[in-house]
Amino acid sequence: MSALFSTSEGLTSPDDLPLVWQRTLTDEAKAQMEKAADRLCPSSLSEHRLFQQLPSMLPEHVDIFIGNSLAIRLADIWSQLDTYPVFANRGASGIDGLFACAAGVQRCRHQPMLVVLGDTSALYDLNSLALWRETMAPAAILILNNNGGGIFDSLPVEPQLCDTYYRMPHDLRFEQIAAQFSLNYQQPTCESDLAAALAQALSTPGADVIEMVTPAGEAGKILTEQLANMAVQEG
């Protein structure tokens with residue numbers, strides 16, 4: 001035991017060892033993500049580009065509520081949100097009750113809020129949009145509509161089976177749903193329009209529904225490609 005300590009003396013103390021590997025791991029992850037980010041197409045509106053660019057689209061003081069499934073995973077991969085209060089909740093079925101939970105957080109904190117969740121999560125809790133009619137603080141409800149459960153796109157399953165048993169496409173849009181609850185609605189078609197929509201919603205009292213429509217299967221395809229590229233580089 002004494003030999004072990006004498007060998008490590010002058011290099012790093014046992015208390016510092018976790019910090020060394022943490023820094024190494026963090027630096028390597030950052031480098032990999034910077035390379036991956038460079039491969040994303042800046043001209044297309046995608047879930048990956050959204051979370052990569054999200055911090056640059058937000059004001060300084062805003063709460064963020066992130067839905068489950070694909071949304072929170074992509075936020076974890078791409079977004080640097082350590083300067084923002086970030087909230088999440090896992091319902092009994094994973095994706096249920098998210099509108100209601102986010103509304104409760106905002107009523108408690110009285111802060112501008114960005115809610116980001118997928119289309120299937122939104123459909124699970126449509127009735128809770130009624131809660132957002134009563135908010136006075138600014139709120140942007142960003143619905144990522146990729147026509148079903150996009151988190152399953154990376155599964156090694158035949159496309160037809162994936163649609164039938166996992167993705168469950170619905171072919172629905174949210175404009176009329178927003179109108180039913182007397183909520184403002186926007187559907188940006190490019191990154192600059194999305195940034196403008198978020199800026200407007202987060203600076204104006206009341207809630208806006210912002211629907212971001214992306215091709216079905218695209219998010220999973222991009223994720224699979226990015227992971228394959230990282231594996232090749234490591235190999």
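Residue numbers start at 1 and run along the sequence shown.
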Practice item. Answer yes or no: is there a side-chain heavy-atom contact under 4.5 Å between Gln200 and Asp208? Key: yes
Review point. Does Leu117 reach the side chain of Leu144, with side-chain heavy atoms less than 4.5 Å apart?
Key: no
Review point. For atom CD of Gln80, is the number of surrounding heavy atoms from other residues, nucleotides or ligands below 6.0 Å larger than 12?
Key: no
Review point. Got a second to check how far Ile72's CD1 is from Ile95's CD1, nearest 0.5 Å?
Key: 13.5 Å
Study note, to complete from the structure: Between Ala100 and Asp125 the two heavy atoms that sit nearest each other are N-OD2, 3.0 Å
**Study point:** Beyond-backbone contact of Leu142 with Val115, side-chain heavy atoms, under 4.5 angstrom
**Key:** no
Review point. Would you say Asn89's side chain and Ala102's backbone share a donor-acceptor pair under 3.5 angstrom?
Key: no
**Study point:** Neighbour count above 12 (heavy atom, 6.0 Å) for His61 NE2
**Key:** no
Check your understanding: Do Glu175 and Gln187 come close enough that some side-chain heavy atom pair is under 4.5 Å?
Key -> no
Point to revise | Approximate separation, where rounding is to 0.5 Å, of Met212 CE and Leu50 CG | key: 5.0 Å
Practice item. Check whether any side-chain N or O of Arg173 sits under 3.5 Å from a backbone N or O of Val213 as a donor-acceptor pair, and report yes or no. Key: no
**Study point:** Exercise: do Asn145 and Glu211 side chains pair donor with acceptor under 3.5 Å
**Key:** yes
Revision key, fill the gap. Between the CE atom in Met57 and the CZ atom in Phe51, the distance rounded to the nearest 0.5 Å is 11.0 Å
Check your understanding: Hey, are Gln106 and Thr135 close enough side-chain-wise for a donor-acceptor pair under 3.5 Å?
Key -> yes
Check your understanding: What are the two closest non-hydrogen atoms of Leu202 and Pro59, and how far apart are they?
Key -> CD1-CD, 3.8 Å
Exercise for review: Could you list the residues that satisfy salt bridge (charged side-chain N to carboxylate O under 4.0 Å, His left out) with Glu60, not counting sequence neighbours?
Suggested key: none
**Study point:** Side-chain donor/acceptor of Thr204 to backbone N/O of Ala201, under 3.5 Å
**Key:** no
Practice item. Compare every heavy atom of Arg109 with every heavy atom of Pro85, then report the nearest pair and how far apart it is. Key: CG-NH2, 3.6 Å
Exercise for review: Please report the closest heavy-atom contact between Ser203 and Ala199, naming both atoms and the distance.
Suggested key: OG-O, 2.8 Å
Point to revise | Distance (rounded to the nearest 0.5 Å) between Leu198 CG and Asp193 CG | key: 11.0 Å
Practice item. Following the transitive rule for hydrophobic clusters with a side-chain heavy-atom cut-off under 4.5 Å over Ile, Leu, Val, Met, Phe, Trp and Tyr, establish whether Val116 and Leu131 coincide in one cluster. Key: no
Check your understanding: Taking a hydrophobic cluster as the set of Ile, Leu, Val, Met, Phe, Trp and Tyr residues connected by side-chain heavy atoms closer than 4.5 Å, whether directly or through intermediates, do Phe65 and Val62 fall within one such cluster?
Key -> no
Exercise for review: To the nearest 0.5 Å, tell me how far Ser79 OG sits from Leu74 CG.
Suggested key: 8.5 Å
Review point. Are side-chain heavy atoms of Leu126 and Phe174 found at a separation under 4.5 Å?
Key: yes
**Study point:** Evaluation steps, side chain to side chain contact (heavy atoms under 4.5 Å, CB included), between Ser121 and Leu98
**Key:** CA-CA 7 Å; Ser121 298; Leu98 297 180; 3.8 Å; yes
Exercise for review: Assess whether atom CD of Glu134 is packed by more than 12 heavy atoms of other residues, nucleotides or ligands within 6.0 Å.
Suggested key: yes
Practice item. Report yes if some heavy atom in the side chain of Tyr84 is under 4.5 Å from a heavy atom in the side chain of Leu58; otherwise report no. Key: yes
Check your understanding: If you group Ile, Leu, Val, Met, Phe, Trp and Tyr by side-chain heavy-atom gaps below 4.5 Å, do Met136 and Phe181 land in one group?
Key -> no
Exercise for review: Give the minimum heavy-atom separation between Ser128 and Phe99, together with the two atoms involved.
Suggested key: CB-CB, 3.7 Å
**Study point:** Same apolar cluster (I L V M F W Y, side chains within < 4.5 Å links), Tyr185/Ile143
**Key:** yes
Review point. To the nearest 0.5 Å, what is the distance between CE (Met113) and CH2 (Trp132)?
Key: 5.5 Å
Exercise for review: State, with a plain yes or no, whether a side-chain heavy atom of Ile141 is found less than 4.5 Å away from one of Ile210.
Suggested key: no
Exercise for review: Please tell me if the side chains of Leu183 and Leu129 come closer than 4.5 Å, counting only heavy atoms from C-beta onward.
Suggested key: yes
Exercise for review: Please answer: with hydrophobic residues joined when any side-chain heavy atoms are less than 4.5 Å apart, are Tyr124 and Val209 in the same cluster?
Suggested key: no
Check your understanding: Have Asn147 and Asp119 got a donor and an acceptor in their side chains that come within less than 3.5 Å?
Key -> no
Revision key, fill the gap. Closest heavy-atom pair, Leu81 versus Pro55, reported as atoms and distance to 0.1 Å, is CD2-CG, 4.0 Å
Review point. Any chance the side chains of Glu47 and Asn146 put a donor and an acceptor closer than 3.5 Å?
Key: yes
